[in-house]
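In what follows, chains carry the letters A, B, and so on, assigned in the order in which the sequence lines appear, proteins first and then strands, with residues in each chain numbered from 1. All figures in this text were calculated on a predicted structure; none of them were measured in a lab.
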2 protein chains.
Amino acid sequence: MEGARPFAGTIERLREVGLRPTRQRLALARLLFDGADRHVTAEMLHSEALTAGIKVSLATIYNTLHQFTRAGILRQVVVDPTRAYFDTNTDEHHHFFVEASGTLEDIPGERVRVTDIPAPPEGTEITRVDVIVRLKPRG
Amino acid sequence: MEGARPFAGTIERLREVGLRPTRQRLALARLLFDGADRHVTAEMLHSEALTAGIKVSLATIYNTLHQFTRAGILRQVVVDPTRAYFDTNTDEHHHFFVEASGTLEDIPGERVRVTDIPAPPEGTEITRVDVIVRLKPRG
DNA sequence: GTGTTTGCAAAGTGTTTGCAATTTA
DNA sequence: TAAATTGCAAACACTTTGCAAACAC
């Protein structure tokens, strides 16, 4: 017999962040977190789920992505004004983005260094520094 | 009498970048480029134009913003997945962004330094490096 | 005059919402 | 059973497009 409680870790993880481990959330969490870090849009995750035989509505995909983001197990990446990308890597890191193809790729966090950021405007504080290295196919 | 050819510079500038200096383009260019650098959305520029008594449709605002961007006299800034911001400052520089209020502000280019960017993926080259310093009101 | 630009209204995207039916605990 | 979650369809916000009328040269 194969592993007895294959989803136990995922279930616990969802519980830990205060989300009921429903069938949909479990299935989506498995797609997102089993394996390497990934970057997905709602549409991508939806069709992937359908292909995998998971019955989920697009509305639930959006809800889930936002719930996961609020819970801190996903992070939103703003690179394209028309699409919202979500990143399963929530550590500090930055991105390569190929505008032509919509391809998003991590740059490991330790490599890029941002220095000499001036003090933020009065009454505000820094929540995050995002570096986006925009790329084009070499002609 | 006040300045005799107040728009002459703007007319020339549009001609230089290959755009006919139509009434609408001229008026929008004046709103955008007379004065300090600014960050606008289509909606902001549209209502500003109407307030200033300039009759322009929203469709023309969008067309014009994109034409100006293609012509290199505007630059698009991606910070918010729901809104497209345009920046009249086309020099190399980065941004402060207050998510709560949608406020976008330049960081002078020379101050921020980004180092140790790894080589981009095979077959691509860097077009631009964007740094977005996200802020929140200090509670 | 000829080609460009404009404005309208309609169509398109991607995303969010209201609410009844379902599921979880 | 009580509270949370889901799915659908309708509503949304922002942006783009098609095409006839208006304009620049």
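Using a cut-off of 4.0 Å between Lys/Arg side-chain N and Asp/Glu carboxylate O, B/Asp116 and A/Arg111 are scored as not salt-bridged.
OP1 or OP2 of D/dT16 lies within a sub-4.0 Å distance of a side-chain N or O belonging to B/His66. Distances shorter than 4.0 Å separate none of the side-chain N or O atoms of A/Thr60 from OP1 or OP2 on D/dT6.
Chain A approaches DNA chain C within less than 4.0 angstrom (heavy atoms of the protein), and the contacting nucleotides run 5' to 3' from C/dG14 to C/dA25.
In this structure, B/Arg70 places its CZ atom 12 Å from C1' of D/dT16, rounding to the nearest Å. Distance CG (A/Leu28) to P (D/dT5): 14 Å, rounded to an integer number of Å. Computed from coordinates, the A/Lys55 NZ to D/dG7 C1' distance equals 8 Å when rounded to whole Å.
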Notebook entry, point to check: Would A/Ile132 and B/Val129 satisfy side-chain contact (heavy atoms from CB on, under 4.5 Å), going step by step from the backbone distance to the final call?
Noted result: CA-CA 6 Å; A/Ile132 297 147; B/Val129 177; over 6 Å; no
Margin query: Go through it in stages, so that I can follow the logic: the residues are A/Arg38 and A/Glu105, the test is salt bridge (charged side-chain N to carboxylate O under 4.0 Å, His left out), and I'd like the CA-CA distance, side-chain angles, deciding distance and then a yes or no.
Written below: CA-CA 8 Å; A/Arg38 12 189 347 209; A/Glu105 195 174 312; over 6 Å; no
Notebook entry, point to check: Given the rule in the side-chain contact (heavy atoms from CB on, under 4.5 Å) test, do B/Thr41 and B/Phe86 qualify, once you have shown the distances and angles that lead to the verdict?
Noted result: CA-CA 6 Å; B/Thr41 63; B/Phe86 293 84; over 6 Å; no
Extract from the structure each pairing of a protein N or O with an N or O of nucleotides 20-25 of chain D at less than 3.5 Å, listing the distance.
| residue | atom | partner | partner atom | Å |
| --- | --- | --- | --- | --- |
| D/dC25 | OP1 | B/Arg15 | NH2 | 3.0 |

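Residues from residues 79-89 of chain A that place a heavy atom under 4.0 Å from any atom of DNA chain C, listed by number: A/Thr82, A/Arg83, A/Ala84.
Interatomic distance, OG1 of A/Thr103 versus NE2 of A/His95, reported as 13.0 Å (0.5 Å rounding).
A/His46 comes within contact range of no nucleotide atom at all, as no heavy-atom separation falls under 4.0 Å. In this structure, A/Glu43 reaches neither bases nor backbone, as no heavy-atom distance under 4.0 Å exists between it and the strands shown.
For the pairing with A/Phe97, the side chain to side chain contact (heavy atoms under 4.5 Å, CB included) check across A/Val133, A/Val79, A/Val77 returns one residue only, A/Val79. Among A/Ile73, A/Asp37, A/Leu74, A/Asp87, the one residue that satisfies the side chain to side chain contact (heavy atoms under 4.5 Å, CB included) test with A/Leu32 is A/Leu74. For the pairing with A/Arg134, the side-chain hydrogen bond (donor to acceptor under 3.5 Å, both in side chains) check across B/Asp130, B/Thr127, B/Thr124 returns one residue only, B/Asp130.
Remark: C/dA9 base-pairs with D/dT17. Criterion, Watson-Crick or G-U wobble with two distances under 3.5 Å. Nucleotide C/dT4 is matched to D/dA22 when pairs are restricted to Watson-Crick or G-U wobble geometry with both distances under 3.5 angstrom.
By the 6.0 Å and 45° rule, B/Arg13 stacks over the aromatic ring of B/Phe33.
In this model, no donor atom of one side chain and acceptor atom of the other lie less than 3.5 Å apart for B/Asn89 and B/His39.
Using a 4.5 Å heavy-atom cutoff, the side chains of B/Arg15 and B/Pro21 are in contact.
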